[in-house]
Amino acid sequence: MICDESFTSNSTESMGDLLGTGDSSSLGSGSSGISYGRHAGSAPGPIDNSCLIAPNIYKQIPTLTGEGGRLKRDLTLVQHRDFELVPDSLWKALAQWYGGPLPLPRQVIQPHSIGDVELELYPLNLRILRHQSQPVQHQQQHGQMAGSSAWASMSGGYGALTTGSYPTSVSSVPAVLHPPKKYLAYTAAFSRLATIKQVAEFLCQRLKLKPEDIRLWHLVPTPTGISEFPYLLEEDQLTLHELSIGDSDQILLEIRNKDLTWPEELGSLALSQGAGSTSMERRGTIASISSQHPPGATGLHNLGNTCFMNAALQVLFNTQPLTQYFIQKKHLYELNTTNKMGTKGQLVLRYAELLRDVWTASTRSIAPLKLRFCVTKHAPQFSGGGQHDSQELLDWLLDSLHEDLNRVMEKPYTELKDSDGRSDVIVATEAWSQHHARNQSIIVDLFYGQLKSKVTCQGCGRDSVRFDPFSLLSLPLPVENYTYCEVLGE
């Protein structure tokens, strides 16, 4: 049998179908998966692939892709012994002539841009979860596609699509804010080389959703195994393999509410506020606010001991030159995505998005959830629900924003010279020139200065003067040597 050899490095198109190999029958020059127990000269029976398929434990869950089933992993499948690979057109003809189960489409992929191609026998079978906003009734009403009449392909999905309709309307915010419950809504198979963008586009097309109304999360089990920790899949050019997403992993399909809120953000707010905090003042996350307030006068929700982060962010938000820089979108012209010392531009994009929401003056308070996830991803020392130092976070924010906006792509090697009795003006200018040769950004322009330090040798009396760059300066609080008390007479 001949397989179509057209492919791409992240192909998501069906490249052929698998036929289970029979014991003694043949069709033309290749062995086919015809039913067993036939006599010589009798007509072939229907195609039987059951020996290749593992039991389906999610029979009641609709599948969005037509991979036909999950191949057994407890045995080694060998081509020409256990299966034959045939092109799409031949499978359709065989299925029409002899009948049989769903096809088993598999892809030819090229894991590396330059290298050999391979047949992807085992795609990633993912469990797609959704938030439960209404009674789940559709799970019992929809099943897999029967027969091969609707056999087709779609970029993003794996193999043929199943038929049937699925609930796609966006939900609304409940009357009382509670962490949203999740349920297993669908299963789907994707190539390990499929990107997050391709997966999202496939889900949007399959479920008739708008790309701007969905977000994808990878639910990673915690060490205890009792719960999962959600990771927002925001780098849409990365593949499932690069993100360490494996077979049977859970992907949460988050759909924006009608009032433009996100269920995960509301869930984080509910957990941070406690079960008893249900006032309208705290629940108005991104809902329309009738009262007017000046731009920038927007609060940040506490996502669980994140007041240290909110304080540092409000300081930066109210630094007018930096705010105008982001509002005018100048950061897009200076974004440095190749600097290994930064976050490859992720922090800048999340910060700019949050700042824009703060300065639109459309809400009284918002939840900085996406920025929070970005911070904990690149600075795990600030993760968890514990208290942290606001100055330490501010120092990290300034340094990371600087590296993401650094105009210097290749940092030259520099060696600082000794002062050697030269004047402070010359030494300071020389030190700043060397620093500026490696660091140039809006952060350096606004927040950096020089701190003079002087060391004197007690033996020879020689002075060594240095001018070091700094962005934060810790100063002691003054301690009063007296106490003022007001005494009220009778």
Side-chain angles (χ1 to χ4, degrees), residues 9-10 111-113 192-201 211-212 214-218 220 229-246 251 254 264 306 309 312-313 316-317 322-323 325-357 368-383 388 392-413 435-448 469 471:
S9 59
N10 57 354
H112 307 285
S113 58
R192 69 177 187 270
L193 297 185
T195 63
I196 296 301
K197 181 179 181 181
Q198 289 177 317
V199 174
E201 289 176 348
E212 61 271 17
I214 73 163
R215 295 193 304 192
L216 297 180
W217 300 75
H218 183 203
V220 180
F229 187 85
Y231 284 94
L232 181 62
L233 300 176
E234 54 188 354
E235 301 179 20
D236 56 4
Q237 297 303 321
L238 295 182
T239 65
L240 299 178
H241 177 71
E242 292 172 334
L243 292 170
S244 300
I245 297 178
I251 300 296
E254 183 186 22
E264 283 297 296
T306 58
M309 183 185 73
L313 290 174
L316 295 180
F317 290 161
L322 182 64
T323 297
Y325 172 85
F326 279 97
I327 289 179
Q328 297 171 7
K329 298 183 179 181
K330 294 182 179 180
H331 63 282
L332 298 178
Y333 300 97
E334 298 183 337
L335 194 63
N336 189 338
T337 58
T338 60
N339 190 351
K340 296 181 179 179
M341 301 180 66
T343 65
K344 297 184 178 180
Q346 292 299 317
L347 180 64
V348 167
L349 296 178
R350 299 287 83 79
Y351 176 85
E353 181 180 348
L354 180 61
L355 183 141
R356 184 172 61 252
D357 293 339
L369 193 63
K370 296 177 70 174
L371 182 63
R372 167 68 172 165
F373 281 121
C374 184
V375 170
T376 55
K377 176 182 178 180
H378 297 283
Q381 65 269 26
F382 297 112
S383 61
H388 299 280
E392 292 180 0
L393 176 68
L394 181 60
D395 188 24
W396 181 86
L397 283 174
L398 291 178
D399 183 67
S400 299
L401 289 174
H402 157 66
E403 295 295 351
D404 283 352
L405 296 171
N406 198 344
R407 307 179 191 109
V408 180
M409 299 299 177
E410 296 291 338
K411 295 185 177 183
Y413 172 77
H435 176 73
H436 200 252
R438 296 171 53 86
N439 303 278
Q440 299 179 30
S441 69
I442 182 66
I443 303 299
V444 173
D445 298 340
L446 295 178
F447 296 96
Y448 275 69
S471 58

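What you are looking at is a predicted structure, and each value in this text was computed from that prediction instead of being measured.
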Using ring centroids (six-membered ring only for Trp), state whether H331 and F326 fall under 6.0 Å.
yes
Sequence neighbours left out, what passes side chain to side chain donor-acceptor pair (under 3.5 Å) with E403? Give chain and number order.
N339, K411
For E392, salt bridge (charged side-chain N to carboxylate O under 4.0 Å, His left out) partners two or more places apart:
none
If you measure from CZ on R372 to CG on L354, what distance do you get to the nearest 0.5 Å?
13.5 Å
Before accepting this row, confirm whether a basic side-chain N of the pair R356/E353 lies closer than 4.0 Å to the acidic partner's carboxylate O.
no
Inter-residue atom distance L397.CG - L371.CG, 0.5 Å rounding
7.0 Å
Relative to the ring of F382, is the ring of H388 parallel (under 30°), tilted (30 to 60°) or perpendicular (over 60°)?
perpendicular
Once you round to the nearest 0.5 Å, how far does CG of L232 lie from CZ of R350?
7.5 Å
Basic-acidic side-chain contact under 4.0 Å: D445, R407:
yes
Run the side chain to side chain donor-acceptor pair (under 3.5 Å) test against T338 and tell me which residues pass, sequence neighbours left out.
N336
Side-chain contact, heavy-atom cut-off 4.5 Å: F373 with E264?
no
Is any side-chain heavy atom of I251 closer than 4.5 Å to one of V199?
no
Going from CG on L240 to OG1 on T195, what distance comes out if it is rounded to the nearest 0.5 angstrom?
8.0 Å
